[in-house]
Visitor: 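Mind having a look at this structure? Questions to follow.
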Amino acid sequence: MPELPEVESIRQQLEPWLVGRQIISAGSHPSAKFSPAVETIGMTIESVSRRGKYLLLGLDDGREMVIHLGMTGQLFPIESPTDPYLRAWWGMDDESILGFRDVRRFGRIRVSDANHHEGTLAILGPEPLSEEFTPEHLYAALKKSNRKIKTQLLSQKPVAGVGNIYADEACFRAGIYPGVRKATKVQVVRLHAEIINVLSLALENGGTTLRDYVNVEGDQGRNQEFLLCYGRYGEPCYACGDILKRTVLDGRGTTFCGNCQKR
DNA sequence: ACTACGTCCTGCGAGC
DNA sequence: TGCTCGCAGGACGTAG
């Protein structure tokens with residue numbers, strides 16, 4: 001599932017290709033999740049940026065195309081729009097074609113006025129790798145809600161871009177049971193640092209590929225080799241040797257160490 | 001206002 | 001071998 005490191009890796013590769021390109025044709029899957037793709041025909045792409053897990057293509061009419069990759073979304077150049085899992089495509093003025101492939105169709109595309117977003121994008125927390133994301137901010141944000149701490153991270157409100165993989169990784173490394181509803185200031189300081197650590201590491205490693213993730217070049221990430229917790233249930237904890245456990249929190253599979261992450 | 005849960009999707013792997 | 005069934009989960013809609 002593409003989270004911040006994966007989306008940022010894609011953004012970095014899309015930027016030099018797409019900035020300055022004019023979209024001269026486009027097509028989409030009939031679902032309303034993808035059909036806004038065609039609203040960009042005729043527009044020139046002025047920027048390729050990112051907020052959390054959202055890719056933002058700035059258009060020359062003041063609007064932005066917002067792309068969320070969902071679970072299985074992929075963006076890469078294609079020769080022709082023939083792939084059965086292709087959900088949208090854009091033909092550029094240099095005859096290149098950008099394809100959006102998404103097997104499970106959890107992704108979505110919107111076109112809206114820049115700086116006038118809706119849904120989760122409108123209430124997104126700070127970028128975790130910016131100066132705005134401080135321990136004090138995280139502590140204050142988490143204190144506002146009584147939901148489980150992992151559920152809060154996945155809500156994108158305390159901080160943007162953290163999904164299931166990096167939420168499990170950060171909680172494990174911070175020694176916090178992801179189902180707790182209240183964390184001490186000391187715990188939140190550790191959690192803040194580990195969120196930054198796991199995302200930075202994943203970014204350096206070109207993202208995590210468990211199944212579907214590939215970047216624009218078609219390459220898989222390498223960060224799966226560095227995961228300490230996510231998906232390792234049944235295997236021994238690297239810190240204490242106990243067997244990692246699996247549970248479900250608010251519908252999300254969660255791996256944790258019952259010894260290192262006390263409730 | 002807040003929290004919890006169902007829904008969307010499809011491929012894959014386990015089990016019979 | 002071939003089938004069924006449960007699982008994976010980000011964001012959003014709905015219910016309480």
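Per chain, numbering begins at 1; letters A, B, ... match sequence-line order.
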Visitor: Quick one: do A:E225 and A:R222 make a salt bridge, cutoff under 4.0 Å?
Guide: no
Visitor: Is any side-chain nitrogen or oxygen of A:Q156 closer than 4.0 Å to OP1 or OP2 of C:dG10?
Guide: no
Visitor: Using whole Å, report how far CG of A:L69 lies from P of C:dG9.
Guide: 17 Å
Visitor: Nearest to the side chain of A:R147 - B:dT10, B:dC8, B:dT3?
Guide: B:dT3
Visitor: Quick one: A:Y54 OH to C:dG10 P, roughly how many Å, whole number?
Guide: 12 Å
Visitor: Could you tell me if the ring centre of A:Y177 sits under 6.0 Å from that of A:F256?
Guide: yes
Visitor: To the nearest Å, how far apart are A:D102 CG and C:dG10 P?
Guide: 13 Å
Visitor: Using a heavy-atom cut-off of under 4.0 Å over every strand shown, decide if A:Y166 touches base, sugar-phosphate, or nothing.
Guide: nothing
Visitor: For C:dG10, does the base pair up with any side-chain atom of A:R108 as donor and acceptor (N or O, under 3.5 Å, distance only)?
Guide: no
Visitor: Map A:N146 and A:R87 onto DNA chain B by nearest heavy atom, then report which one ends up closer to the 5' terminus.
Guide: A:N146
Visitor: Rounded to whole Å, how long is the line connecting atom NZ of A:K53 with atom P of C:dG9?
Guide: 11 Å
Visitor: Could you check which of B:dC9, C:dA11, C:dG9 has an atom nearest any side-chain atom of A:N164?
Guide: C:dG9
Visitor: May I ask you to establish whether A:K245 and A:Y233 are in a cation-pi arrangement, using a distance under 6.0 Å from NZ or CZ to the six-membered ring centre and at most 45° from the ring axis?
Guide: no
Visitor: Side chains of A:D102 and A:T72: any donor to acceptor distance under 3.5 Å?
Guide: yes
Visitor: At under 4.0 Å between heavy atoms, what does A:R105 touch on the DNA or RNA strands: base, sugar-phosphate, or nothing?
Guide: sugar-phosphate
Visitor: Classify A:G251 by what it touches in the nucleic acid, base, sugar-phosphate, or nothing, heavy-atom distance under 4.0 Å.
Guide: nothing
Visitor: Judged by each residue's nearest nucleotide on DNA chain B, which is more toward the 5′ side, A:S145 or A:R252?
Guide: A:S145
